[in-house]
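See below for the structure under consideration.
This structure is a prediction, so every number in the text was calculated from the model and none was measured. Values reported hereafter were calculated over all heavy atoms of this structure, with side chains retained and with hydrogens, waters and symmetry mates removed.
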Amino acid sequence: MSWKKRLSVLSAAALLTVFTLSGCGSSNDSASGTASTGTTASSGKGLTGDFEVQYFVGGYGDAWWKKVVEEFQTANPDLKIKVSAGPKINDQMKPRWIGGNPPDFVYIDGAGLNARQMIEDGQLEDLTEWYKTAKTVDGDLISESLTQAPEDYSGKTYNIPLALSSWGIFWDQKLFADNNWKAPTDFDSFIAVSKEIKAKGITPFIHTGIYPYYINNSILYPAMVSANNDDFSILQKIAANDPEAFKSPAVMTALNQIVTMRDDGIIDPAAVQLNHTDSQMLFLQHKDAFIANGLWMPNEMSKDVPEGFDFGFMPSITQKPGGKSIAVTSTATVGVASKAKNKEAAYAFIQFIFAKKQASQWAELSGAPSNIKGDISASNAPAFVKQAAEYLNSKDTIVVPTITFNADVEKAMNDATVALTIGTIDPNGWIERVSAAAQKAAN
């Protein structure tokens, strides 16, 4: 999904609880979800007026959005809801945001929307005080219902994580069973099974070459954390543009794992020229056995998945035997426009969408985890989502907190990783390139 261009390494104390959506709401917990921007709505009062919702349609699809908007409309029959949605909605709505005529509620995902930039431009409502006591329509504090807490912007809260997903490695469990291949649990077993796969004439691993953040999030960054004794501070130091961070032995160890994959012929050489859709199609056609991707991928490619294809998933394969898995996660958030015309409805909608039942509904309809704490084992969510939940809720998984890299440093890392996979630079070259970008960004 090329629209996920910024790295978000997100944390969760437990990611089964990752498959839950929690929300922000006022202290009101009436059935209608009525709320106001800081006061409790009167019991039994329904919402009225016009209310506009903006959401991006990408890899998660829009089935959940259509259902939850319909349910909210049923709960508030006097409210006139307008939906502005689609794969290009962010660009289409941009003139309205700039012109001071935004929708009331916004789902911040996809190309063209950046939460930090929206905050800096004064486009998002300050939710700080409201969030402290906000409750869902279930009566639960939103702050206690979330798996991933909102990002802190100098002590303030502006947007709430709704979708919580993980990067990692996919394979077809049926293909593996048919060939008596054992799914990897660490880097050594990944290399071993990759050699078996090659012997069958299948390229073991593919990534989205023109979108290098896929391989960085799924391979390189987890490898850095593993090699740093499961300590994600190495990524935080990189995010702080500390040139010394690149001198860490953990960085060299991680880069050498990619070199091993390259030199052993595990990486598909065609990957460097491919986008996400093309690489995903090759994976689904069994031209490649493993792919670096995010949990949204099966839903994104649902129309092209062959009959009998059985997605297997694990968040990382770069750990040592017996080592912990490393989950690099990504999120999509929701917010209220600072110039919204119906803030009362926007707050109430947030209360509504973070209700407990939405955890299962999101997992079932989007094919990915939500950010509401809750057990989805009995839901109709896809098997690979439940499989991911087991990993992400395990004490043997390290889930990294949100880390945002400087844009120029991130680009330098992306470009250098591609060069490393095709052998035009070595690990020292990668370090030189990226540390120079970090030094420049720090000045």
- prompt: If we ignore angles and hydrogens, is there a donor and acceptor under 3.5 Å between the side chains of S316 and Q319?
  reply: yes
Scanning both residues in full, the closest heavy-atom pair of P243 with N241 reads CD-O, 3.0 Å
| query | Mind checking whether E300 and H276 have side chains closer than 4.5 Å, heavy atoms only? | reply | yes
query = Do any N or O atoms from the side chain of R262 and from the backbone of L420 form a donor-acceptor pair under 3.5 angstrom?
reply = yes
Quick one: do K67 and E70 make a salt bridge, cutoff under 4.0 Å?
no
- Between T208 (side chain) and I210 (backbone), is there a donor-acceptor pair under 3.5 Å? no
Heavy-atom closest pair (Q54 atom, P103 atom, distance to 0.1 Å) is OE1-CG, 3.3 Å
When every non-hydrogen atom of I234 is compared with those of S248, the smallest separation belongs to CD1-CB, 3.6 Å
Evaluation steps, side-chain contact (heavy atoms from CB on, under 4.5 Å), between N228 and M224
CA-CA 6 Å; N228 199 46; M224 288 182 181; over 6 Å; no
task = Indicate whether the side chain of W64 and that of Q358 have a donor and an acceptor atom separated by less than 3.5 Å.
result = yes
Establish, from distance only, whether the side-chain atoms of K341 and N101 form a donor-acceptor pair under 3.5 Å. yes
Should we count CD of Q273 as having more than 12 external heavy atoms under 6.0 Å?
no
* Do the non-hydrogen side-chain atoms of I160 and Y131 ever get within less than 4.5 Å of each other? -> yes
Q. Okay, side chain of S360, backbone of K357: is any donor-acceptor separation there less than 3.5 Å?
A. no
### Query
Under a 4.5 Å cut-off applied to non-hydrogen side-chain atoms, are S165 and T331 in contact?
no
All heavy atoms of G294 vs all of W167, minimum pair found to be N-CE3, 4.0 Å
Report the C-alpha distance between W130 and T128 in whole Å, list the side-chain angles of each, state the deciding distance to 0.1 Å, and finish with yes or no for side-chain contact (heavy atoms from CB on, under 4.5 Å).
-> CA-CA 6 Å; W130 178 76; T128 309; over 6 Å; no
field: Under-4.0 Å salt bridge between R116 and E151
entry: yes
- Query: Are the aromatic rings of W171 and F283 close, with centres under 6.0 Å apart?
  - Reply: no
V259 backbone acceptor or donor facing N256 side chain under 3.5 Å: no
Tell me if the centroids of the rings in F405 and Y221 come within less than 6.0 Å of each other. yes
ask   = Can a salt bridge be assigned to the pair K324 and D230 using a cut-off of 4.0 Å between side-chain N and carboxylate O?
value = no
Please confirm whether the backbone N or O of N299 pairs with a side-chain atom of S302, one donor and one acceptor, at under 3.5 Å? yes
Scanning both residues in full, the closest heavy-atom pair of A271 with I206 reads CB-CG1, 3.9 Å
Check your understanding: With a 3.5 Å cut-off and no angle check, do the side chains of Q117 and D121 form a donor-acceptor pair?
Key -> yes
Interatomic distance, CH2@W362 vs CD1@I353, rounded to 0.5 Å, equals 8.5 Å
The complete set of side-chain hydrogen bond (donor to acceptor under 3.5 Å, both in side chains) pairs with one or both residues in residues 415-426, sequence neighbours excluded, reads N216-T417, K411-D415, T417-W430
Assess the pair F349 and F51: is the distance between their ring centroids shorter than 6.0 Å? yes
Lys/Arg-Asp/Glu bridge criterion (N-O < 4.0 Å) met for E129, K156: no
T260 side chain reached by F187 side chain, heavy atoms, under 4.5 Å: yes
Please step through side-chain contact (heavy atoms from CB on, under 4.5 Å) for the pair K356 and K373, ending with a clear verdict.
CA-CA 8 Å; K356 287 178 180 177; K373 293 178 180 178; over 6 Å; no
#### Entry: Exam field: side chain E364 to backbone N380, donor-acceptor pair closer than 3.5 Å
yes
Item to complete: Taking the side chain as every heavy atom from C-beta outward, state whether I326 and T397 have any atom pair closer than 4.5 Å.
Response: no
Residue pairs passing the salt bridge (charged side-chain N to carboxylate O under 4.0 Å, His left out) test with at least one member in residues 86-106, sequence neighbours excluded, are E52-R96, D91-K94
With a 4.5 Å limit on heavy-atom distance, are the side chains of W296 and S366 in contact? no
Is the shortest heavy-atom distance from the side chain of Y158 to the side chain of L127 under 4.5 Å? no
Q.
Between F232 and I398, is there a side-chain heavy-atom distance shorter than 4.5 Å?
A. yes
Under the criterion ring pair (Phe, Tyr, Trp, His ring centres under 6.0 Å), I'd like the reasoning laid out for Y60 against W65: C-alpha separation, chi angles, the key distance, then a yes or no. CA-CA 10 Å; Y60 297 128; W65 284 105; over 10 Å; no
ask   = Quick one: does N275's side chain have a donor or acceptor within less than 3.5 Å of a partner on T277's backbone?
value = yes
*asked:* Tell me if a side-chain donor or acceptor on N90 pairs with a main-chain N or O of D109 at a distance below 3.5 Å.
replied: yes
Does the D288 side chain pair with the main chain of F290, one donor and one acceptor, at a distance under 3.5 Å?
-> no
Subject >> Check: D278 side chain, L274 main-chain N or O, donor-acceptor pair, under 3.5 Å >> reply: no
Between F313 and F170, how do the two ring planes meet: parallel, tilted or perpendicular, split at 30° and 60°? tilted
For D62 and V57 the tightest heavy-atom approach is CB-CG2, 3.8 Å
| task | Apply side-chain contact (heavy atoms from CB on, under 4.5 Å) to the pair N293 and Q280, showing each step before the final yes or no. | result | CA-CA 9 Å; N293 222 292; Q280 289 162 188; 3.0 Å; yes
